[in-house]
Amino acid sequence: MIISLWVVTIVALKKTLSEEDKKAELITKQGAIESYSPRALSELREWIENHPNDPYREIAVHRYNECVETLKEIDEPFYDWNDSQISDLEKL
């Protein structure tokens with residue numbers, strides 16, 4: 001059982017380090033990467049729309065708009081965005 005735990009831990013660590021390497025490579029090549037996946041950005045937009053009076057709404061809108069701008073400026077997104085998803089995005 002202990003060996004299984006170590007194997008799972010090593011696999012998870014290797015995957016995480018690989019993803020971080022890809023992020024670093026994209027930042028070096030493009031100067032930026034998007035901060036949200038398609039699902040996360042959609043959930044953020046939904047939260048913004050459902051919480052018009054929340055004191056954190058302004059920060060959320062800023063982060064949403066920042067991600068939309070970045071997606072429209074970069075050549076290669078980190079997360080699984082397709083061109084039509086990106087072109088359909090609008091700032092709030």
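Numbers here are sequence positions counted from 1.
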> Is the backbone of Ala32 close enough, under 3.5 Å, to the side chain of Gln30 for a donor and an acceptor to pair up by distance?
Replying inline: yes
> Would you call Glu19 and Lys22 a salt bridge, using N to O less than 4.0 angstrom?
Replying inline: no
> If you round to the nearest 0.5 Å, how far is CD of Glu20 from NZ of Lys23?
Replying inline: 4.5 Å
> In this structure, are over 12 heavy atoms from other groups packed under 6.0 Å from Glu90 atom CD?
Replying inline: no
> If you take all heavy atoms of Ser87 and Lys72, which pair is closest and at what distance?
Replying inline: O-NZ, 3.6 Å
> Ile10: which other cluster members, linking ILVMFWY side chains closer than 4.5 Å, directly or transitively?
Replying inline: none
>> For the CD1 atom of Ile74 and the CH2 atom of Trp81, what is their distance to the nearest 0.5 Å?
In response: 10.0 Å
Pair up each side-chain donor or acceptor in residues 59-68 with any protein partner under 3.5 Å, not counting sequence neighbours, and list the distances.
{"residue": "Tyr64", "atom": "OH", "partner": "Arg45", "partner atom": "NH1", "Å": "3.0"}
{"residue": "Asn65", "atom": "OD1", "partner": "Leu92", "partner atom": "N", "Å": "2.6"}
{"residue": "Asn65", "atom": "ND2", "partner": "Val61", "partner atom": "O", "Å": "3.4"}
{"residue": "Asn65", "atom": "ND2", "partner": "Leu92", "partner atom": "O", "Å": "3.2"}

>> Using 0.5 Å steps for rounding, measure from the OH atom of Tyr79 to the CG atom of Leu71.
In response: 11.0 Å
> About how many Å separate CG of Leu44 and CG of Leu41, when rounded to the nearest 0.5 Å?
Replying inline: 6.0 Å
>> How about OH on Tyr56, more than 12 heavy atoms from neighbouring residues, nucleotides or ligands closer than 6.0 Å, or not?
In response: no
> Does the Ser18 side chain pair with the main chain of Lys14, one donor and one acceptor, at a distance under 3.5 Å?
Replying inline: no
> CG of Asn82: more than 12 outside heavy atoms within 6.0 angstrom?
Replying inline: yes
>> Can you confirm whether more than 12 heavy atoms, excluding those of Asp21, are under 6.0 Å from its CG atom?
In response: yes
>> Taking atom CG as the centre, does Leu13 end up with more than 12 heavy-atom neighbours from other residues, nucleotides or ligands that are less than 6.0 angstrom away?
In response: yes
> Is it true that a side-chain atom of Thr16 and a backbone atom of Ala12 form a donor plus acceptor pair closer than 3.5 Å?
Replying inline: yes
